[in-house]
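Values below: all heavy atoms of this structure, side chains included; hydrogens, waters and symmetry mates excluded. Counting begins at 1 with the first residue of the sequence.
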Amino acid sequence: MAPRVLMVAEKPSIALSIASELSNGRMSTRRGSTDVHEFDGLFQGYHAHFRVTSVIGHVFSVDFPSKYQNWEATDPVDLFHAPIVKLESNPKVHICRHLSQEARGCTYLVLWLDCDREGENICHEVIQCTGFSENETGDRILRARFSSVTEKDILVAMENLVKPNKDEALAVDARQEIDLKVGVAFTRFQTRYFQGKYGNLDSRVISYGPCQTPTLGFCVQRSMQIMTFKPEIFWSFSPSVMKDGYDLHLEWDRNKVFDHDVAAMFQKLVLDHNYVEVTGMSKKEETKGRPCGLNTVNLLKVASSALGLGPHTSMQLAERLYTQGFISYPRTESTAYPASFDFKSVLVAQQANPFWGNHVRILLAQGFHKPRIGSDAGDHPPITPMRAATEEMLGNDTWRLYQYICQHFIGTVSPDCKYTRTKVEFIAGGELFHCVGQHVSTKGFTSIMPWMAVDEKNLPEFTKGEKIKILKVDLQEGRTAPPDYLSESELISLMEKHGIGTDASISVHINNICERNYVQVNSGRRLVPTALGTTLIRGYQCIDVDLCLPDIRSFIEHQITLIAKGKVKHVHVVQHVLQQFKQKFSYFIKKIENMDALFEAQFSTLAESGRLLSKCGKCTRYMKFISTQPARLYCISCEEVYHLPQNGSIKLYKELTCPLDGFELVLFSMSGSDGKSFPLCPYCYNCPPFEGIDTLFGAMKLGNSAKLGKGAGMPCFLCPHPTCRHSVITQGVCACPECSGTLVLDPVSSPKWRLYCNTCNCMVSLPQGAHRISTTGKKCPDCDSSIIEVDFNKKTTPLPDGATLYSGCILCDELLHSLIEMKHGKSFFRRGRGRGRGRGRGGRGRTRGGSKHEDPKMSFRDF
């Protein structure tokens with residue numbers, strides 16, 4: 001029996017490319033969590049059956065067990081010693097189960113994950129899912145190393161399979177655990193402390209990160225230099241002369257002076273002399289060398305400074321180009337090509353391009369140069385175009401990034417730029433002046449990279465001792481200027497220099513400080529710190545400057561590199577680093593008043609912020625609504641903060657109160673024209689009164705306070721209270737046809753009445769224009785759904801004799817069923833016993849499907 005070989009790539013598109021190349025297109029494809037491509041071929045000299053599938057990035061993510069998820073019940077300092085668990089990153093996709101099923105009966109596992117540390121880590125996640133023993137890596141588990149998804153690279157990788165690198169995978173595990181525990185401990189403490197006191201912070205979380213915070217520190221440091229800069233007045237002058245039709249402005253060797261009287265004295269000396277004398281001339285052949293290969297950091301810098309693309313966006317576009325086979329792997333630190341690299345085949349692929357094809361053909365005909373020797377980091381070759389593309393194929397921004405990658409590569413194999421630099425020196429009144437001219441003899445690589453061209457400036461012929469009349473000498477006043485705010489390109493350079501992040505994570509850290517409202521991206525893609533970002537860094541500096549300096553992160557990265565090289569055990573590094581940060585965290589808590597004093601001077605307290613909205617159930621006084629992120633209510637009397645759902649609007653809900661605690665209900669309306677609206681009790685939302693409430697929906701769909709650790713986050717449509725008329729028991733109508741949720745009546749959707757699912761995006765339009773629609777508390781005898789009552793508009797009523805009042809089940813009643821429409825659905829919605837669950841989540845013991853009868857005429861399709 002032929003052996004079976006399971007091959008796993010990092011993305012579905014790469015799996016398709018691998019299968020297509022190895023099977024010569026003769027393969028079958030079937031659906032799964034990700035597509036599975038099957039074909040027969042040769043493996044290590046034997047006939048074998050291949051299955052090629054993929055993951056979608058990391059299979060697992062690191063988190064704390066549920067015991068440590070509640071912010072109120074967990075002391076942040078305990079997180080430094082808390083256990084961690086690996087949870088499936090995409091539980092809805094079921095990648096782990098998919099890999100386990102596909103591995104059954106397979107003799108070999110070949111891993112085609114990206115060839116970096118993250119890729120090695122995913123390799124071992126795949127091994128864990130498939131059930132292969134890691135002790136068998138030398139025999140049955142193999143690793144393909146490749147830098148692009150071209151036919152040549154795939155075939156070469158297949159012929160040179162190696163063992164997975166466990167040490168590099170452990171290095172990633174170490175970084176993940178350190179970043180999780182340190183970041184979450186500081187973030188939870190800061191968020192609870194400051195959001196419980198100030199109302200206009202305008203950030204959902206006050207986060208800390210071992211990489212993120214030093215990155216912010218660079219931006220704030222530059223901002224502080226600008227704020228403390230004191231300009232100085234200076235004076236300079238440049239004599240103007242005319243020679244053979246050339247109007248020349250000579251440069252003063254002193255450049256400028258900071259005393260007006262001294263500048264005026266020099267000006268008078270030159271004017272009194274009335275002419276300049278040529279004292280020397282020199283010509284020198286200069287060379288501007290072609291660039292080295294392109295690595296990730298340089299690509300991000302150019303994309304930001306020249307293309308106006310942020311680092312995060314640039315990496316997304318580069319990743320897309322890579323998975324589509326247009327460029328080589330975009331995450332690399334190397335700028336040196338291996339000696340065996342085939343430059344000619346890359347150039348041949350570009351010779352038909354209408355923009356640079358002619359340049360490429362000249363290089364192929366006259367001979368190309370090998371790139372300058374760069375640095376070899378031992379990971380991947382520089383970023384290289386692998387196949388031709390057009391703007392129509394890629395789209396605007398992706399095309400511009402691809403265009404630069406192509407031009408850079410062609411520039412690396414083009415001749416150097418050569419030019420002649422001429423310098424003429426003058427004297428007048430004892431003061432020295434000069435002018436410089438440049439003439440390009442060979443454009444070289446600058447013809448394909450014109451933005452790097454040498455500026456030409458022609459000069460007339462001079463002879464030594466020649467005297468030329470001065471036309472004028474104007475004294476000019478100027479002021480020294482502060483440096484500008486850091487550009488993204490400059491920040492990337494600083495991060496690289498100080499070892500903050502990796503080529504794979506630099507863009508993520510910059511994106512994080514933007515999303516946290518710590519910096520804003522201004523014109524020229526310059527990063528301007530906000531008041532919050534500046535106050536945070538100044539606070540760290542007051543307590544422990546190490547927390548915002550790059551030194552600690554550089555040390556951590558050094559230790560992680562030792563793990564990757566197998567020189568130290570990852571558990572020892574993790575324990576040592578966490579112990580250091582735990583000590584710093586304890587000291588930070590003790591000295592938090594130092595940072596708080598800065599916040600107090602910069603931000604408004606909760607008592608001074610917001611507007612009165614709803615009554616507190618404890619003291620019956622009005623609470624203030626704080627609309628800045630994160631949205632929350634604050635009771636001045638009780639000094640309590642109640643978090644609310646995010647990304648929507650909040651208003652008072654008919655002055656109704658919760659029967660459990662007496663708090664006035666508020667109405668939350670999600671963003672968007674079809675956004676859901678639902679009432680919620682502020683107290684129940686933060687402190688759910690019932691156990692077993694599903695919190696996942698609240699955390700993921702609503703951006704609620706569960707993310708902030710403030711209770712489980714229970715809106716009224718999840719509340720199972722049997723008497724509250726706002727709960728899912730009374731407002732729920734029937735089971736959602738698309739998931740395990742409940743279709744709930746939107747209480748404020750008049751006149752466009754609707755039901756929406758309390759779990760997914762399914763939405764049902766009820767009879768439009770009705771005066772009133774409400775649940776009755778009665779159940780349908782056929783399907784156990786709630787009976788609704790409709791008060792139709794007299795002018796549009798579908799009832800005979802102009803009647804307006806009607807009640808029935810939307811599933812079983814012929815009239816009501818004909819008047820409803822479903823949106824955002826994916827399947828049929830049929831009537832029948834068992835299909836509905838009456839009051840939805842309140843109807844226990846019912847199951848979906850298995851209907852007693854199904855009438856095709858009683859179904860409706862999605863739009």
**Asked** Pairs in or reaching into residues 490-528: which pass ring-ring contact (aromatic ring centres under 6.0 Å, His included), with residues at least two apart or in two chains?
**Response**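 Every ring-ring contact (aromatic ring centres under 6.0 Å, His included) pair that includes a residue of residues 490-528, provided the two are not neighbours, is Phe218-His498.
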We want to know whether [X] and [Y] form a side-chain donor-acceptor pair, criterion being a heavy-atom distance below 3.5 angstrom.
| X | Y | value |
| --- | --- | --- |
| Thr53 | Thr34 | yes |
| Thr530 | Gln520 | no |
| Arg331 | Thr296 | no |
| His380 | Glu333 | no |
| Asn647 | Arg204 | yes |

Between the main-chain N or O of [Y] and the side-chain N or O of [X], is there a donor-acceptor pair closer than 3.5 Å?
| X | Y | answer |
| --- | --- | --- |
| Gln438 | Arg421 | no |
| Asn121 | Arg117 | no |
| Arg140 | Thr107 | yes |

Could you list the residues that satisfy side chain to side chain donor-acceptor pair (under 3.5 Å) with [X], not counting sequence neighbours?
| X | answer |
| --- | --- |
| Thr332 | Asp379 |
| Lys86 | Asp173 |
| Asp484 | Arg526 |
| Asp416 | Arg290 |

**Message:** Once side chain to side chain donor-acceptor pair (under 3.5 Å) is applied, what residue pairs with a partner in residues 351-360 remain, sequence neighbours excluded?
**Reply:**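 Found Gln350-Trp356, His359-Ser414, His359-Ser447.
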**Asked** Can you list every pair that meets side chain to side chain donor-acceptor pair (under 3.5 Å) and has a residue in residues 37-50, with sequence neighbours left out?
**Response**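 Listed once each, the pairs are Thr29-His37, Arg30-Glu38, Glu38-His49, Asp40-His49.
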With a cut-off of 3.5 Å and sequence neighbours excluded, list every side-chain donor-acceptor pair involving residues 386-393.
{"unit_1": "Arg387", "atom_1": "NE", "unit_2": "Gln324", "atom_2": "O", "d": "3.4"}
{"unit_1": "Arg387", "atom_1": "NH2", "unit_2": "Gln324", "atom_2": "O", "d": "2.8"}
{"unit_1": "Thr390", "atom_1": "OG1", "unit_2": "Met393", "atom_2": "N", "d": "3.3"}

**Message:** Less than 4.5 Å apart, side chain to side chain, heavy atoms only: is that true for Ser334 and Asn295?
**Reply:**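 In short, these two side chains do not touch, never coming nearer than 4.5 Å.
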**Request:** With the side chain counted from C-beta on, respond yes when Leu113 and Arg143 share a heavy-atom pair under 4.5 Å apart, and no when they do not.
**Result:**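 Heavy-atom side-chain distance check passes, below 4.5 Å.
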**Request:** Measure up the Phe409 and Phe343 rings against each other and bin them: parallel (under 30°), tilted (30 to 60°), perpendicular (over 60°).
**Result:**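 It falls in the parallel class, under 30°.
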**Message:** Would you call the rings of Tyr329 and Tyr322 parallel, tilted or perpendicular, taking 30° and 60° as the class edges?
**Reply:**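 Perpendicular: the ring planes of Tyr329 and Tyr322 meet at over 60°.
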[X]: what forms a ring-ring contact (aromatic ring centres under 6.0 Å, His included) with it, not counting sequence neighbours?
| X | answer |
| --- | --- |
| Phe50 | Phe39 |
| Tyr419 | none |
| Phe60 | none |

Would you mind writing out the side-chain donor-acceptor pairs for residues 7-15 within the sub-3.5 Å range, not counting sequence neighbours?
{"unit_1": "Glu10", "atom_1": "OE1", "unit_2": "Asp114", "atom_2": "N", "d": "3.0"}
{"unit_1": "Lys11", "atom_1": "NZ", "unit_2": "Glu319", "atom_2": "OE2", "d": "2.9"}

**Item:** Whether over 12 other heavy atoms sit under 6.0 Å from Ile373 CD1
**Value:**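 It does not: Ile373 CD1 has 12 such atoms or fewer within range.
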**Asked** Hey, is NE2 on His94 packed in by over 12 heavy atoms from elsewhere, all under 6.0 Å?
**Response**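 It does: His94 NE2 has more than 12 such atoms within range.
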